[in-house]
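One structure is given below, encoded as structure tokens.
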Amino acid sequence: MKLYYSPGACSLSPHIALEESGLPYEAILAPTKTKVLPDGSDFRQVNPLGYVPYLVLDDGTGLREGPAIVQYIADQAPGKKLAPANGTLARYQLQSWLNFIGTELHKGFGPLFNPAVGDDAKAVFKAKLLERLTWVDGELAGKTWLTGEDFTVADGYLFTVTNWTRPMAIDISGLKNLVAWRERVAARPAVQAAMKAEGLI
């Protein structure tokens with residue numbers, strides 16, 4: 001498999017999932033601004049939408065959208081318990097988390113990266129994000145991982161998105177459960193490996 005990524009972007013989530021899975025893969029840098037791949041070709045020839053993550057399977061099939069990609073990865077290595085079995089209530093709960101992270105958190109950060117968005121508007125988005133993260137903090141009370149006892153792809157996705165709180169000046173230091181959970185995630189060897197590969201640590 002080939003994972004197209006940009007350092008620190010949402011593609012870190014499937015990068016973590018691949019490291020956790022132990023599956024063989026190749027990570028290919030696809031800068032979000034230039035769209036120029038290491039071989040000089042245009043990334044949009046691979047993914048016409050031009051954004052990451054994008055996963056190319058062994059047979060050449062392309063798969064886009066992070067929540068779909070990480071579930072595919074998890075299902076290729078069921079013994080790693082990165083996602084509950086398909087058809088179970090636990091799987092739907094995982095999908096609920098992936099959707100929440102994608103729509104309520106990930107998309108909420110988008111305007112903060114846009115230089116055309118004014119400070120007043122950004123303050124509104126930051127307040128909403130902190131409100132959502134405060135709720136997540138409560139959900140993490142008494143839990144090792146987001147969905148319980150097993151580290152899942154939802155943990156990798158939430159970790160990726162909450163990495164953006166620091167550069168966007170969103171103070172989560174008072175969210176003790178979230179801070180402690182982030183420390184547990186960051187200490188995992190697979191997470192360390194993915195972040196090192198992207199030059200983040």
Residue pairs passing the side chain to side chain donor-acceptor pair (under 3.5 Å) test where at least one lies in residues 189-200, sequence neighbours excluded: His15-Glu198
query: When rounded to the nearest 0.5 angstrom, what distance separates CG in Leu112 from CG in Leu129?
result: 6.0 Å
message: Could you check whether any side-chain heavy atom of Pro24 comes within less than 4.5 Å of a side-chain heavy atom of Met1, counting everything from C-beta outward?
response: no
task: Spell out, as yes or no, whether a donor-acceptor pair under 3.5 Å connects the side chain of Thr61 to the backbone of Leu57.
output: no
message: Counting only heavy atoms from other residues, nucleotides and ligands, does the tally under 6.0 Å from CG of Asp120 exceed 12?
response: no
- line: Distance col, row Phe100:CZ vs Glu139:CD, nearest 0.5 angstrom, shows 8.5 Å
- prompt: Is any side-chain heavy atom of Pro38 less than 4.5 Å from a side-chain heavy atom of Ile28?
  reply: yes
No-hydrogen, no-angle side-chain donor-acceptor test under 3.5 Å, Glu65 and Tyr54: no
- prompt: Do Asp150 and Thr152 get their side chains close enough for a donor-acceptor pair, meaning under 3.5 Å?
  reply: no
- prompt: Using 4.0 Å as the upper bound for N to carboxylate O, is an ion pair formed by Arg91 and Asp75?
  reply: yes
statement: Output for pair (Asp58 CG, Tyr25 OH), nearest 0.5 Å, gives 14.0 Å
message: Measuring only between side-chain heavy atoms, which start at C-beta, is Phe151 closer than 4.5 Å to Leu82?
response: yes
field: Ring centroid separation Phe113 to Trp164 under 6.0 Å
entry: yes
- prompt: Does the side chain of Leu55 come within less than 4.5 Å of Lys2's, by heavy atoms?
  reply: no
field: Test item: Phe109 and Thr165 side chains (from C-beta on) under 4.5 Å apart, heavy atoms
entry: yes
- request: Look only at the side chain of Thr162 and the backbone of Phe159, and say whether a donor-acceptor pair between them is shorter than 3.5 Å.
  value: yes
- prompt: Would you say the side chains of Trp181 and Asp137 form a donor-acceptor pair under 3.5 Å?
  reply: no
Spacing of Thr147 atom OG1 and Leu94 atom CG [to the nearest 0.5 Å]: 6.5 Å
Main-chain N/O of Ala127 paired with Glu131 side-chain donor or acceptor, under 3.5 Å: no
statement: Grouping ILVMFWY residues whenever side-chain heavy atoms fall under 4.5 Å, the cluster of Tyr92 otherwise contains none
field: Approximate separation, where rounding is to 0.5 Å, of His106 NE2 and Ile101 CD1
entry: 11.0 Å
- prompt: Do Leu158 and Ile69 belong together in a cluster built from hydrophobic side chains that touch within less than 4.5 Å?
  reply: no
message: Under the side chain to side chain donor-acceptor pair (under 3.5 Å) test against Glu20, which residue among Arg188, Lys80, Lys81 passes?
response: Arg188
message: Under a 3.5 Å distance rule, please check whether Ser11 uses its side chain to pair with a backbone N or O of Ser6 as donor and acceptor.
response: yes
- prompt: Any sub-3.5 Å donor-acceptor pair from Lys35's side-chain atoms to Thr32's backbone N or O?
  reply: yes
message: Counting C-beta onward and ignoring hydrogens, is there a side-chain heavy-atom pair between Pro14 and Ile73 closer than 4.5 Å?
response: yes
task: Look only at the side chain of Asp155 and the backbone of Leu146, and say whether a donor-acceptor pair between them is shorter than 3.5 Å.
output: yes
query: Is there a side-chain contact between Leu12 and Pro53, using heavy atoms and a 4.5 Å cut-off?
result: no
Beyond-backbone contact of Ile16 with Tyr157, side-chain heavy atoms, under 4.5 angstrom: no
- prompt: Between Ser41 and Leu37, is there a donor-acceptor pair closer than 3.5 Å when you use the side chain of the first and the backbone of the second?
  reply: no
- prompt: Which value, rounded to the nearest 0.5 Å, describes the distance between Cys10 atom SG and Leu105 atom CG?
  reply: 13.0 Å
Geometric cation-pi criterion, Arg182 with Trp145: 6.0 Å, 45°: no
message: Take a 6.0 Å sphere around CG of Asp39 and say whether it holds more than 12 heavy atoms from other residues, nucleotides or ligands.
response: yes
